[in-house]
Protein chains: 2
Amino acid sequence: MEKKLRTKDKIVQASIELFNAQGERQVTTNHIAAHLGISPGNLYYHFRNKEDILRHIFKEYTRLLESRIQPPGDNAEALDALANYLDVVFELMWRFHFFYANLPDILARDPALHKEYQSVQEHVLARVIRVLNALRQAGVIEMPEQETSEFAHTIKLVVTFWISYLKTQAPEQIIDQASVYQGVLKVLLLFKPYASPAAMPRILQLQQHYQRLARQSESVSV
Amino acid sequence: MEKKLRTKDKIVQASIELFNAQGERQVTTNHIAAHLGISPGNLYYHFRNKEDILRHIFKEYTRLLESRIQPPGDNAEALDALANYLDVVFELMWRFHFFYANLPDILARDPALHKEYQSVQEHVLARVIRVLNALRQAGVIEMPEQETSEFAHTIKLVVTFWISYLKTQAPEQIIDQASVYQGVLKVLLLFKPYASPAAMPRILQLQQHYQRLARQSESVSV
DNA sequence: GTCTATAGAAGGATAGAC
DNA sequence: GTCTATCCTTCTATAGAC
């Protein structure tokens, strides 16, 4: 929240910016330093190497994820929990989209980061399963209980690689916030065939909500 | 089919092998040359650069894809067309899994290859839509017509990034043929909620077929 | 904390002899 | 067609002065 950032924080913020704009692989430590008007030596005073920067970025990502997602105890309304999950996940996906654009590559280069990522993903999977079970119990979806876990994996796959899919389909890598939100619609589509007739209006309402957010983007008509 | 391969073909074959085993990014032109016991200079006599090799590999991939997939006119049985699509796509995915393991990265480095890939993908999308329409007309699935295209994209996304998902989830990148076939099961799961009661037995039968192929792998229990 | 200068390593690619 | 030798470029990372 402070206006004055220490150099270390400025490096993290500039890295996120540059990675998102040009791709993580394209941006070197020298580029980051030049962008900030500092020397490479100074950057290496604050971080051991580029992986070290990436780990800090991931920590920041995790911190935001955990702070924004609804606490598990909050049983207000099953569909609200789903919307909250989608809101949080896709907004962070937009803010850190460089990470999702080349996930296997980034993880393969740093086993320590890969481990951390997996540990976070276990929590995410558990949360998705919890949301699905709540939706079943609330009568929103009709889904065999033994399919829940598999379905949760499918959701996670679609969410995680939506950005990558966009990049492989689009002629240029024009990823904007609206195109990211088209991914939410893809996830909702997965739910639709499971929706109970009674819950259909609410699902359609949710769909329209995200359609508005995704509208601005004509980049990909998928 | 010939036993004697020209050096150029040997380079392509060795590249596929090494890329699959160690990842495309990790394998340099020098590695490829050394593996074949030839000089780097010799390799560069046959190929302008590494991208040139990758383009040749992709051409080989495309050739196999088109030669094995059922011709569109063949209206024998809608579910057979689906099985044929899954068989061909996942078998080739296994043989060229390095390509799928880092698709956005590989495509981002070579705009020409990206264009070719997109052109092939358009054909694939059209084929998937044709299969879906055939399944609807045969009464195998019940799906609103206006959802078909979106659903086809979802299938393509899940297929394309199944390998990447495996790599992000598994502790080590142990991709074997059985784990690749678990992706077929994920795709079938997408179909299940749309299956008409009458067709369910056939779908389950297909599911069991691929479960046998996927059985050997305990690497990931997703 | 920050800078300048530079070492060091890796990979891609080419020249020229055979 | 193939080899040896080598250059060029890019990037990471460190040493040492301020």
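Note that this is a predicted model, so its numbers are computed, not measured. A note on names: the letters A, B, ... follow the listed sequences, proteins ahead of strands, and every chain is numbered from 1.
- DNA chain D lies under 4.0 Å from at least one heavy atom of each of the following residues of residues 37-60 of chain A: A/G41, A/Y44, A/N49, A/K50.
- A salt bridge does not link A/K192 to B/E150: none of the charged side-chain nitrogens sits closer than 4.0 Å to a carboxylate oxygen.
- The 12-atom threshold is exceeded at CZ of A/R68, counting heavy atoms of other residues, nucleotides or ligands nearer than 6.0 Å.
- Contacts of A/F47 classified as ring pair (Phe, Tyr, Trp, His ring centres under 6.0 Å), with partners at least two apart in sequence or in another chain: A/H56.
- Ion pair B/D105/A/R25 not flagged as a salt bridge, since none of the NZ, NE, NH1 or NH2 atoms sits closer than 4.0 Å to an Asp/Glu carboxylate oxygen.
- A pairwise comparison of heavy atoms in B/W94 and B/V180 identifies CE3-CG2, 3.8 Å as the closest pair.
- The ring of A/F151 has its center closer than 6.0 angstrom to the ring center of A/Y194.
- The separation between A/K10 atom NZ and C/dT2 atom C1' is 12 Å, rounded to whole Å.
- For the pair B/T160 (side chain) and B/L157 (backbone), a donor-acceptor distance under 3.5 Å is absent.
- Rounding to whole angstrom units, CZ of residue B/R25 and P of C/dG11 are separated by 11 Å.
- Within residues 27-34 of chain A, the residues approaching DNA chain D are A/T28, A/T29, A/N30, by heavy-atom distance under 4.0 Å.
- To the nearest angstrom, C1' of C/dT2 lies 13 Å from CG of A/L36.
- Residues B/Y100 and B/Y165 keep their aromatic ring centres 6.0 Å or farther apart.
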